[in-house]
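Note sheet for the following structure.
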Amino acid sequence: MSKRVPVRMCVGCREMREKREMIRVVRLQDGTFCVDETGKRNGRGAYLCKNTECLEKAIRNHGMERSFKMSIPKETVALLKKEMSALAK
């Protein structure tokens, strides 16, 4: 039998992909956001494809706000874009 592969939905493009092909953005308990490279940090998470276009769609369509149940500051969005572009390379 083959092992079941975990699948997650991108909050930007709303496509289902394998978990390891995606980037997890986490809201920590202190209210800050970060990119979770290991996929195992504690906190509320949302998954995005490994391109900045999906991050743009998630912000524009309020997918990130829905996932985290709060508004996201513009400074945090800029930081996330920077971190995601570094990880995508």
Side-chain angles (χ1 to χ4, degrees):
M1 285 182 111
S2 63
K3 190 174 180 179
R4 195 175 131 246
V5 179
V7 178
R8 300 291 185 264
M9 182 186 291
C10 174
V11 295
C13 64
R14 315 258 315 150
E15 288 185 23
M16 300 294 282
R17 296 182 189 258
E18 291 185 21
K19 183 179 174 182
R20 62 189 153 117
E21 294 177 4
M22 303 184 85
I23 296 173
R24 183 171 184 244
V25 180
V26 180
R27 183 187 73 200
L28 303 173
Q29 288 185 350
D30 62 356
T32 59
F33 294 89
C34 69
V35 175
D36 183 9
E37 295 154 2
T38 63
K40 297 182 181 193
R41 289 188 82 162
N42 289 337
R44 178 102 180 143
Y47 289 87
L48 290 164
C49 298
K50 291 184 178 179
N51 58 30
T52 54
E53 295 164 4
C54 283
L55 178 61
E56 293 290 334
K57 284 182 186 177
I59 299 301
R60 189 172 54 243
N61 299 332
H62 305 286
M64 296 279 283
E65 292 178 2
R66 262 193 313 274
S67 293
F68 294 120
K69 300 176 182 167
M70 66 180 288
S71 63
I72 300 172
K74 291 182 181 181
E75 301 84 26
T76 303
V77 172
L79 181 65
L80 289 174
K81 283 182 190 177
K82 183 178 169 185
E83 288 182 27
M84 282 184 65
S85 63
L87 281 177
K89 293 179 182 178

Inset, instruction - Answer yes or no: are there more than 12 heavy-atom neighbours, outside Glu21 itself, under 6.0 Å from its atom CD? - result: yes

Inset, instruction - Please name all residues satisfying salt bridge (Lys or Arg N to Asp or Glu O under 4.0 Å) with Glu15, sequence neighbours left out, ordered by chain then number. - result: Arg17

Inset, instruction - Decide side-chain contact (heavy atoms from CB on, under 4.5 Å) for Lys81 and Leu55; before the verdict, give the C-alpha distance in whole Å, the side-chain angles of both, and the deciding distance to 0.1 Å. - result: CA-CA 7 Å; Lys81 283 182 190 177; Leu55 178 61; 3.4 Å; yes

Legend entry - Ring-face cation contact, Tyr47 with Arg8, 6.0 Å cut, 45° max: yes

Legend entry - Residue Arg20 excluded, over 12 heavy atoms near CZ under 6.0 Å: no

Legend entry - Distance, nearest 0.5 Å, that separates CG of Asn51 from CD of Glu56: 10.0 Å

Inset, instruction - Using the rule that two of Ile, Leu, Val, Met, Phe, Trp, Tyr join whenever any of their side-chain heavy atoms come within less than 4.5 Å, decide whether Val35 and Val77 are in one cluster. - result: yes

Inset, instruction - Mind checking the CZ-CG spacing from Phe33 to Leu80? Nearest 0.5 Å is all I need. - result: 8.0 Å

Inset, instruction - Among Arg27, Met64, Arg44, find the residue that satisfies the side-chain contact (heavy atoms from CB on, under 4.5 Å) test when tested with Met70. - result: Arg27

Legend entry - Heavy-atom side-chain contact between Ile23 and Glu83 under 4.5 Å: no

Inset, instruction - With sequence neighbours excluded, tell me which residues meet salt bridge (Lys or Arg N to Asp or Glu O under 4.0 Å) with Lys82. - result: none

Legend entry - Glu18 atom CD, neighbour heavy-atom count above 12 within 6.0 Å: yes

Inset, instruction - Using salt bridge (Lys or Arg N to Asp or Glu O under 4.0 Å) as the criterion, list what pairs up with Arg24, not counting sequence neighbours. - result: Asp36

Inset, instruction - Using a 4.5 Å cut-off on heavy atoms from C-beta on, say whether the side chain of Lys57 contacts that of Cys10. - result: no

Inset, instruction - Over all heavy atoms of both residues, which pair between Ala46 and Phe68 is shortest? Give the atoms and the distance, please. - result: CB-CZ, 3.8 Å

Inset, instruction - Identify the two heavy atoms, one from Arg41 and one from Cys34, that lie closest to each other, and give their separation to 0.1 Å. - result: NH1-SG, 3.3 Å

Legend entry - The single option from Asn61, Leu48, Val25 passing side-chain contact (heavy atoms from CB on, under 4.5 Å) against Val11: Leu48

